[in-house]
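In what follows, a single structure is set out as structure tokens and then discussed.
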Amino acid sequence: MIAGGLRPAGDRDGAHVRAELLVAGLADDVVIDAHLAAVEAGELDLTLVPLISAWGRRPR
């Protein structure tokens, strides 16, 4: 995912991300297809970024 803020995992599909990567010049079709093939073959695992939040009070 391209950095730019938190989004729900299902908010963007692969085609949307592919288009953004191509337009930004960060990847080309060959690199993207190789990455997707590696994921499909089980060579790579994908996970979501953990969300950590903390609550507290300011010291007085």
Side-chain angles (χ1 to χ4, degrees):
M1 178 188 287
I2 295 174
L6 297 175
R7 296 182 176 97
D11 189 32
R12 297 152 52 99
D13 62 8
H16 189 132
V17 173
R18 177 186 285 262
E20 286 188 12
L21 290 170
L22 293 172
V23 168
L26 297 173
D28 59 24
D29 282 318
V30 173
V31 171
I32 295 169
D33 290 339
H35 174 77
L36 294 175
V39 171
E40 184 69 28
E43 296 170 9
L44 295 174
D45 289 327
L46 302 178
T47 118
L48 296 174
V49 177
L51 175 63
I52 300 169
S53 62
W55 292 83
R57 295 184 184 165
R58 279 180 97 170
R60 294 180 192 222

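Just so we're clear, the structure is a prediction, and the values are computed from it rather than from any experiment. For the single chain, residues carry numbers from 1 onward in sequence order.
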Original post:
Closest approach of A27 and L22, non-hydrogen atoms and distance?
Top reply: O-CD2, 3.4 Å
**OP:** With sequence neighbours excluded, tell me which residues meet salt bridge (Lys or Arg N to Asp or Glu O under 4.0 Å) with D28.
**Re:** none
Which pairs would a plain distance check flag for residues 53-60, meaning a side-chain donor or acceptor within less than 3.5 Å of a matching protein atom at least two apart in sequence or in another chain?
none

Original post:
Rounded to the nearest 0.5 Å, how far apart are CZ of R18 and CG of L36?
Top reply: 6.0 Å
Original post:
Rounded to the nearest 0.5 Å, how far apart are CG of L21 and NE2 of H35?
Top reply: 9.5 Å
**OP:** Output every pair passing salt bridge (Lys or Arg N to Asp or Glu O under 4.0 Å) with a member in residues 43-55, not counting sequence neighbours, ordered by first then second residue.
**Re:** none
